[in-house]
Amino acid sequence: MSAVLPVVGRFAPSPTGPLHFGSVLAALGSCLSARSQGGRWLLRIEDVDAPRCSPAAAEGIVRTLESLGFEWDGPVVWQSARTEAYQAALELLRQAGQVFACACTRKEMADSALARDGTRRYPGTCRDGLPAGRSARAWRLRVGAGVVMFDDRIQGRVAEDVAADVGDFVLLRADGLFAYQLAVVVDDAEAGVTEVVRGADLLDSTPRQILLQQQLGYPVPAYAHLPVACNPAGEKLSKQTLARAVEGQAPARVLVDALGFLGQCPPPGLAEAPLAQVWDWARAHWDLGQVPRQRSLPAPAYA
């Protein structure tokens with residue numbers, strides 16, 4: 001009989017702006033899921049995309065999480081300090097013949113079909129070797145035929161033919177930065193993450209990440225994708241849609257609103273209780289099965 005691994009969850013925000021209500025949902029859902037199972041909960045700052053990230057935003061996110069009463073295990077992990085680990089994983093894939101150099105530019109791919117997440121499907125131009133006179137700009141995973149399927153604990157069964165829908169996707173970008181898909185897979189594996197609870201905006205990335213886990217010989221964690229919070233226009237809360245920062249708002253009210261959004265039915269008056277009491281109630285009553293099985297829901301008016 002194999003031993004049951006201890007539960008390890010994580011929250012991994014990208015510091016492109018201040019923490020907003022949508023990010024609190026992912027933080028709270030992942031934290032309560034891990035804690036309700038007696039597990040560990042980790043915090044990772046996903047600043048691998050340096051041009052889009054801000055050290056000030058990262059510090060603000062950590063500060064806001066602390067003000068909301070979040071407590072994580074171990075030190076904060078920074079992706080910007082982990083490039084050697086990503087390079088080692090890429091080298092393993094290269095030795096196994098699972099990646100190839102690509103010379104294509106965005107302009108050259110502008111007419112390619114769109115994938116589910118809005119990116120361009122790679123047409124395979126450099127799959128069999130670089131065109132004459134061209135040099136490598138990026139490295140891509142060589143995606144084989146077949147459907148990737150998994151059972152999401154909230155959204156249900158998900159199946160995608162990654163080769164047909166996305167094509168060979170980038171692991172090392174033309175600007176020399178490692179792509180999110182590779183970084184997140186390496187980070188989760190090395191941290192021993194057993195479950196990933198995050199927003200449904202990342203649901204379409206999961207098949208690609210599972211492919212990488214399989215290629216690298218990593219275990220595949222359980223996945224649960226929470227509904228994302230949307231503004232009145234139906235847009236996901238983000239820096240681009242001018243989502244309001246959580247910092248400075250009443251912490252208990254933010255947490256109680258997040259619990260309600262996630263289907264946990266907090267009792268009347270809990271938002272006026274001390275923050276520690278809100279956390280006690282949340283840990284005692286968390287039920288992933290009560291989370292709405294939807295990809296998005298309206299956010300509170302103030303968000």
Side-chain angles (χ1 to χ4, degrees), residues 1-14 22-46 61 65 68-77 79 82 85 89 148-160 180-229 255 258-259 261-264 279 282-295:
M1 182 181 298
S2 60
V4 177
L5 292 174
V7 171
V8 180
R10 51 73 161 177
F11 175 52
S14 296
S23 298
V24 171
L25 295 172
L28 188 62
S30 61
C31 181
L32 292 176
S33 180
R35 297 302 193 206
S36 68
Q37 300 172 81
R40 301 174 66 238
W41 185 66
L42 313 177
L43 176 60
R44 180 173 74 234
I45 300 297
E46 295 198 332
I61 287 171
L65 288 171
L68 290 169
F70 284 93
E71 297 177 353
W72 48 89
D73 296 296
V76 178
V77 172
Q79 282 188 334
R82 290 184 42 76
V148 175
M149 186 178 300
F150 68 99
D151 289 314
D152 190 85
R153 293 164 63 188
I154 297 172
Q155 304 295 336
R157 178 150 293 187
V158 177
E160 181 180 70
Y180 162 76
Q181 306 294 358
L182 180 63
V184 70
V185 163
V186 173
D187 289 341
D188 283 347
E190 292 196 9
V193 170
T194 63
E195 67 169 29
V196 174
V197 180
R198 60 189 180 186
D201 53 317
L202 291 168
L203 186 63
D204 291 335
S205 287
T206 306
R208 276 170 273 178
Q209 292 168 18
I210 291 175
L211 270 183
L212 275 171
Q213 289 156 357
Q214 293 170 342
Q215 296 289 356
L216 289 164
Y218 295 159
V220 177
Y223 286 96
H225 286 84
L226 307 165
V228 298
L255 290 181
L259 288 167
F261 183 97
L262 294 173
Q264 304 304 299
W279 275 103
R283 284 189 290 263
H285 294 86
W286 174 254
D287 182 358
L288 192 68
Q290 295 300 313
V291 176
R293 296 178 177 272
Q294 296 175 244
R295 284 212 182 193

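These numbers were taken from a predicted model, which means no experiment stands behind them. The analysis underlying the following values was restricted to heavy atoms, covering all of them including side chains, and did not include hydrogens, waters or symmetry mates.
What you find for Gly263 and Pro292 is that their closest heavy atoms are N-CD, 4.0 Å. Heavy atoms only, all atoms of each residue included: Val24 and Ala258 are closest at CG1-CB, 4.2 Å. Minimum interatomic distance between Ile61 and Ser14 (heavy atoms only, all atoms of both residues): CD1-O, 4.2 Å. Summarising the geometry of Ala34 relative to Gly9, their closest heavy-atom pair is CB-N, 4.1 Å, with the distance given to 0.1 Å. In this structure, Gly22 and Ala229 approach most closely via the heavy-atom pair CA-CB, 4.4 Å. The two residues Val8 and Gly192 make their nearest non-hydrogen contact at CB-O, 3.4 Å.
In this structure, Gln155 and Leu203 have side chains that are in contact, with non-hydrogen atoms separated by less than 4.5 Å. Residues Trp286 and Val291 are in side-chain contact: their nearest non-hydrogen atoms beyond the backbone lie under 4.5 Å apart. A heavy-atom distance below 4.5 Å is not found between the side chains of Glu160 and Phe150. Leu42 is not listed as a side-chain neighbour of Val77, based on a closest heavy-atom distance of 4.5 Å or more. Side-chain contact between Val158 and Thr206 is absent, with no heavy atoms from C-beta onward closer than 4.5 Å. Put simply, the side chain of Gln213 reaches to within 4.5 Å of the side chain of Pro221, judged on heavy atoms. With contacts defined as side-chain heavy-atom distances shorter than 4.5 Å, the pair Val228/Leu25 does not qualify. Under the 4.5 Å side-chain criterion, counting only non-hydrogen atoms from C-beta, Leu43 is not in contact with Pro75.
A distance of 4.5 Å separates CG of Leu288 from CD1 of Ile154, quoted to the nearest 0.5 Å. To the nearest 0.5 angstrom, Tyr218 atom OH is 5.5 Å from Glu190 atom CD. Going from atom NE2 of His285 over to atom OG of Ser36 covers 13.0 Å, rounded to the nearest 0.5 Å. Distance check, rounded to the nearest 0.5 Å: CD of Gln209 to CG of Asp204 gives 11.0 Å.
Between Glu195 and Arg10 there is no salt bridge, since no side-chain N of the basic residue sits under 4.0 Å from a carboxylate O of the acidic one. In summary, Asp188 and Arg44 engage in a salt bridge, as defined by a charged side-chain N under 4.0 Å from a carboxylate O.
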_Determine whether Arg295 and His225 satisfy the following criterion, side-chain contact (heavy atoms from CB on, under 4.5 Å), listing intermediate values before the conclusion._
CA-CA 8 Å; Arg295 284 212 182 193; His225 286 84; over 6 Å; no

_Arg198 and Tyr223: CA distance, side-chain angles, deciding distance, side-chain contact (heavy atoms from CB on, under 4.5 Å) verdict_ = CA-CA 8 Å; Arg198 60 189 180 186; Tyr223 286 96; 3.7 Å; yes

*Pair Arg153-Ser33, side-chain contact (heavy atoms from CB on, under 4.5 Å): steps then yes or no*: CA-CA 11 Å; Arg153 293 164 63 188; Ser33 180; 4.2 Å; yes

*Determine, stepwise, if the pair Phe70 / Leu255 fulfils side-chain contact (heavy atoms from CB on, under 4.5 Å).*
CA-CA 10 Å; Phe70 284 93; Leu255 290 181; 4.2 Å; yes

_Stepwise salt bridge (charged side-chain N to carboxylate O under 4.0 Å, His left out) test for Asp152 and Arg157_ = CA-CA 6 Å; Asp152 190 85; Arg157 178 150 293 187; over 6 Å; no

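A 6.0 Å sphere centred on CD of Gln294 holds more than 12 heavy atoms belonging to other residues, nucleotides or ligands.
Of the possible donor and acceptor atoms, none in the side chain of Arg208 sits under 3.5 Å from a partner among the backbone N and O of Leu212. When atom types are taken as modelled, the side chain of Trp279 and the backbone of Leu68 share a donor-acceptor pair closer than 3.5 angstrom.
Side-chain atoms of Gln290 and Gln264 form no donor-acceptor pair, as typed in the model, at a separation below 3.5 Å.
Below 30°, between 30° and 60°, or above 60°: for Trp41 and Phe11 the angle between ring planes is below 30°, a parallel geometry.
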